[in-house]
Amino acid sequence: MNFGSLLHLTLFYKALILSFIPSFILFPLQSTAEPTLVDLELVLAVDVSHSVDDYEASLQRQGYIDALRDPAVIRAISSGPFGRIAVTYIEWAGEHYQRTVIDWTLLEGTQSANAFADRLSTLSIGTAPSTSISRAIDYSINEIFHNDFLSKRAVIDISGDGPNSDGRHVTQSRNDAIALGITINGLPILSSRPNPNGLGAPSAWLGAYYSKNVIGGENAFLIEVFEFETFSSTLKEKLKREIKGTTEISLNTHQTPPYERMIQ
């Protein structure tokens, strides 16, 4: 199939799918520009709820900046058939707080990836109460279906330090995303630091919670982050693997390090 046929076919399916997405997920369509074909549409969805203090939020933000400047991540970005991906960076907390920090941007090499990272380094970090992973997923679905890009793969990359505590049940949102052909990957953060809300450190079973309730779709996987100080190095590995979309991320769990949990 040539690129023109792929474009028209994907446009048709995207329009068809939009007609079935629940109305509470969607916002008005903003763009009528002809879409650009990319290898991946990637939503970086970052937890900024009150359980993440200023120090942790800074480490988390710096992790994304470092990862997007990493040569190995940039090589992964350029490794697909089109040699480019589309990325947006959002922050989320409770049901009523989702913020697009950087809108959809084409990344196709060192210059564009560094420019994205440079811009991210200049922008403020938000914060808000509660943790609604479900609404973060719903918001991300809307972002994917209302942009100027088309791809065969769409991924929502969720990092967070706690379970869903606000909004509808997270499995409902996850299942809606999977039904639309979207993959959700997870980066659950286990920290020994006291919770700013005085609720204690996140539970050691957060990875299992993400595995059961949050991630899903083709080649979905998660990697647990042990302490915010290791966020940057863990994120680099995760981005390389989800950008490439290789079968490596679907290996049996006994073949992979014990800190990773994956689904088939």
Side-chain angles (χ1 to χ4, degrees), residues 10 14 27 30-31 33 35-48 60-92 98-126 136-160 177 180-187 215 217-223 231-232 234-246 249:
T10 311
K14 206 165 190 178
F27 298 89
Q30 298 296 322
S31 175
T36 299
L37 291 173
V38 293
D39 296 307
L40 172 68
E41 294 166 77
L42 176 62
V43 180
L44 301 176
V46 184
D47 181 3
V48 293
Q60 189 173 218
R61 171 66 67 84
Q62 190 60 48
Y64 284 97
I65 294 168
D66 293 343
L68 289 165
R69 289 174 175 158
D70 184 76
V73 172
I74 294 172
R75 286 195 296 272
I77 289 171
S78 304
S79 67
F82 296 110
R84 57 185 183 254
I85 68 171
V87 178
T88 184
Y89 185 102
I90 71 170
E91 293 178 341
W92 59 274
Q98 302 84 38
R99 181 172 77 108
T100 298
V101 179
I102 299 182
D103 208 348
W104 287 100
T105 304
L106 185 69
L107 302 186
E108 51 186 345
T110 301
Q111 184 175 354
S112 54
N114 283 339
F116 191 102
D118 290 344
R119 185 179 176 196
L120 189 57
S121 70
T122 68
L123 300 174
S124 62
I125 302 174
I137 293 172
D138 294 342
Y139 186 88
S140 298
I141 292 173
N142 179 74
E143 291 291 296
I144 289 168
F145 282 95
H146 292 78
N147 63 40
D148 296 335
F149 300 95
L150 287 176
S151 67
K152 290 185 177 180
R153 293 197 302 129
V155 173
I156 302 171
D157 181 328
I158 296 184
S159 64
L180 293 168
I182 297 170
T183 295
I184 303 174
N185 294 330
L187 203 63
I215 68 172
E218 184 177 0
N219 285 341
F221 73 106
L222 66 81
I223 302 180
F231 186 88
S232 179
T234 307
L235 176 63
K236 289 175 185 177
E237 177 63 23
K238 183 171 184 288
L239 285 180
K240 286 186 294 183
R241 296 168 69 174
E242 71 186 351
I243 290 171
K244 289 183 178 180
T246 62
I249 63 176

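For Asp39, there are no side-chain hydrogen bond (donor to acceptor under 3.5 Å, both in side chains) partners at least two apart in sequence or on another chain. Every residue two or more places apart in sequence or in another chain that forms a side chain to side chain contact (heavy atoms under 4.5 Å, CB included) with Ala154 is listed here: Glu41, Ile144, Ile182. By the side-chain hydrogen bond (donor to acceptor under 3.5 Å, both in side chains) test, Thr100 is found to be paired with Tyr139, residues two or more places apart in sequence or in another chain being considered. Listed by chain and residue number, Asp70, Arg75, Lys240 satisfy the side chain to side chain contact (heavy atoms under 4.5 Å, CB included) test with Ala72 (two or more places apart in sequence, or in another chain). Here Asp47 pairs with nothing under the salt bridge (charged side-chain N to carboxylate O under 4.0 Å, His left out) rule; sequence neighbours left out. Among residues two or more places apart in sequence or in another chain, the side chain to side chain contact (heavy atoms under 4.5 Å, CB included) test is passed with Thr105 by Ile102, Leu107, Phe116. A search for side-chain hydrogen bond (donor to acceptor under 3.5 Å, both in side chains) contacts involving Gln60 returns Ser159, not counting sequence neighbours.
Sorted by first and then second residue, the side chain to side chain donor-acceptor pair (under 3.5 Å) pairs with a member in residues 76-87 form an empty list; sequence neighbours excluded. Sorted by first and then second residue, the ring-ring contact (aromatic ring centres under 6.0 Å, His included) pairs with a member in residues 60-79 read Tyr64-Tyr89, Tyr64-Phe231; sequence neighbours excluded. For residues 112-125, the side chain to side chain donor-acceptor pair (under 3.5 Å) pairs, not counting sequence neighbours, are Arg69-Asp118.
In this structure, the side chains of Thr36 and Phe82 stay at 4.5 Å or more apart for every pair of heavy atoms. With a 4.5 Å cut-off on side-chain heavy atoms, Lys236 and Asp66 count as touching. A 4.5 Å side-chain heavy-atom check between Val48 and Arg99 finds every atom pair outside the cut-off. Between Asn142 and Asp138, the closest side-chain pair of non-hydrogen atoms is not below 4.5 Å. Taking 4.5 Å as the limit, some side-chain heavy atom of Leu42 sits within range of a side-chain heavy atom of Leu44. Inter-residue side-chain proximity for Asn147 and Thr88 is flagged as unmet; no heavy-atom pair is nearer than 4.5 Å. When side chains are defined from C-beta on, Val73 does not count as touching Leu235, because their heavy atoms never get closer than 4.5 Å. With a 4.5 Å cut-off on side-chain heavy atoms, Val155 and Asn185 count as touching.
Between Val38 and Ser151, the shortest heavy-atom distance links the atoms O-CB, 3.1 Å. Contact detail for Leu68 and Ala113: the closest heavy-atom pair is O-CB, 3.3 Å.
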- Task: Let me see the working for Lys238 and Leu222 under side chain to side chain contact (heavy atoms under 4.5 Å, CB included), right down to the final yes or no.
- Result: CA-CA 8 Å; Lys238 183 171 184 288; Leu222 66 81; 5.7 Å; no
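To the nearest 0.5 Å, atoms CD (Glu242) and CD1 (Ile223) are separated by 8.5 Å. Separating the CD1 atom in Ile85 from the CD1 atom in Ile243 is a distance of 4.0 Å, to the nearest 0.5 Å. Taking NZ from Lys152 and CG from Leu40, the interatomic distance works out to 13.5 Å, rounded to the nearest 0.5 Å. Here the straight-line distance linking atom CD1 of Ile156 with atom CD1 of Ile90 works out to 8.0 Å at 0.5 Å rounding.
The main-chain N or O of Glu218 is found under 3.5 Å from a side-chain atom of Thr183 such that the two form a donor-acceptor pair. Formation of a donor-acceptor pair under 3.5 Å by the Arg61 side chain with backbone atoms of Leu123 is found in this model. Without hydrogens or angle criteria, Trp104 side chain to His146 main chain gives no donor-acceptor distance under 3.5 Å.
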